[in-house]
Amino acid sequence: QEMAAMRKTVEEMEHTWNDMNVKSYHEMNYLFHEMLVASCPFQSLREMHKNALSHIRWGYNFTLVLYDHIGYSRSQHGSILEAFCNRAGVEQAVREHTENASKRLSSLYFKKIF
């Protein structure tokens with residue numbers, strides 16, 4: 001059920017982006033990230049994840065809109081979902097996704113776009 005719900009969310013992300021509904025895309029993006037950790041048996045880790053996302057959400061939303069990195073983000077979500085479904089390579093796929101988002105935000109900061 002978890003995998004089907006995540007697959008549906010990724011599909012909805014695709015539809016919202018194709019419809020140019022950026023706000024809905026960001027909401028689906030956030031939901032997808034929350035769904036990834038929802039099955040974690042450790043409440044403290046789920047809370048840490050939610051807290052971390054609340055502090056950086058503005059950053060990834062900003063980078064996606066400003067530099068149209070949504071296409072890249074979408075492909076990474078597909079890779080993460082595939083790894084999650086196969087129960088193999090999830091850590092690597094998530095690590096790559098977060099490192100790339102961090103690099104995008106850092107590049108904006110150093111270019112003084114803000």
Side-chain angles (χ1 to χ4, degrees):
Q1 289 178 341
E2 293 170 345
M3 291 177 216
M6 285 194 302
R7 189 169 274 113
K8 182 178 179 187
T9 300
V10 169
E11 289 171 6
E12 287 180 25
M13 289 170 72
E14 187 71 30
H15 293 301
T16 60
W17 182 246
N18 289 339
D19 294 341
M20 301 301 288
N21 188 338
V22 176
K23 184 177 187 277
S24 290
Y25 180 85
H26 289 299
E27 291 169 2
M28 292 290 107
N29 184 41
Y30 190 74
L31 177 62
F32 179 76
H33 285 249
E34 285 193 334
M35 294 171 90
L36 282 172
V37 298
S39 62
C40 175
F42 303 106
Q43 176 68 25
S44 59
L45 291 178
R46 291 191 310 269
E47 289 174 9
M48 287 171 55
H49 176 264
K50 186 174 184 173
N51 186 41
L53 281 184
S54 71
H55 291 288
I56 63 169
R57 187 176 185 181
W58 69 270
Y60 67 73
N61 285 344
F62 184 73
T63 62
L64 291 174
V65 170
L66 187 61
Y67 283 100
D68 192 29
H69 287 139
I70 289 178
Y72 188 66
S73 177
R74 286 187 339 223
S75 70
Q76 287 187 326
H77 288 145
S79 297
I80 292 168
L81 178 59
E82 192 64 32
F84 188 85
C85 291
N86 292 331
R87 302 285 191 210
V90 177
E91 179 182 351
Q92 180 61 35
V94 170
R95 186 178 306 275
E96 181 179 315
H97 182 59
T98 56
E99 287 174 357
N100 286 326
S102 176
K103 287 176 187 176
R104 287 193 308 268
L105 188 57
S106 293
S107 73
L108 290 174
Y109 179 78
F110 288 118
K111 288 179 183 179
K112 298 183 181 179
I113 297 293
F114 295 111

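- Every ring pair (Phe, Tyr, Trp, His ring centres under 6.0 Å) that Phe32 has, sequence neighbours left out, goes to His77.
- The environment of Gln43 atom CD is dense: over 12 non-hydrogen atoms of other residues, nucleotides or ligands sit within 6.0 angstrom.
- Under the rule for a side-chain contact (heavy atoms from CB on, under 4.5 Å), the partners of Asn51 that lie at least two apart in sequence or sit in another chain are Ser54, His55.
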Identify each donor-acceptor pair in which a side-chain atom of residues 6-13 lies under 3.5 Å from a protein atom, sequence neighbours left out, and give them as a table.
from, atom 1, to, atom 2, distance (Å)
Thr9, OG1, Ala5, O, 2.9

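- In terms of the side chain to side chain donor-acceptor pair (under 3.5 Å) criterion, Ser102 has no residue partners (sequence neighbours excluded).
- Under the rule for a side-chain contact (heavy atoms from CB on, under 4.5 Å), Ser79 has no partner lying at least two apart in sequence or in another chain.
- Distance CD/Glu14 to CE/Met28: 13.5 Å, rounded to 0.5 Å.
- Residue pairs meeting the salt bridge (Lys or Arg N to Asp or Glu O under 4.0 Å) criterion with at least one partner in residues 27-38, sequence neighbours excluded, are Lys23-Glu27.
- At distances below 3.5 Å, at least one donor-acceptor pair connects side-chain atoms of Asn100 with backbone N or O atoms of Glu96.
- Take His49 and apply the side-chain contact (heavy atoms from CB on, under 4.5 Å) test, not counting sequence neighbours, and it matches His33, Val37, Leu53.
- Take Glu82 and apply the side-chain contact (heavy atoms from CB on, under 4.5 Å) test, not counting sequence neighbours, and it matches Asn86.
- For the salt bridge (charged side-chain N to carboxylate O under 4.0 Å, His left out) test, no residue two or more places apart in sequence or in another chain qualifies with Arg87.
- With sequence neighbours excluded, no residue forms a salt bridge (charged side-chain N to carboxylate O under 4.0 Å, His left out) with Glu99.
- Residues Ser39 and Glu2 share a closest heavy-atom pair of CB-OE2, 2.9 Å.
- Under a 4.5 Å side-chain heavy-atom criterion applied to ILVMFWY residues, the cluster that includes Phe42 comprises Leu45, Met48 as well.
- Note that CD1 of Ile80 is 11.0 Å distant from CD of Gln92, once rounded to the nearest 0.5 Å.
- Not a single salt bridge (charged side-chain N to carboxylate O under 4.0 Å, His left out) links Glu47 to another residue, sequence neighbours left out.
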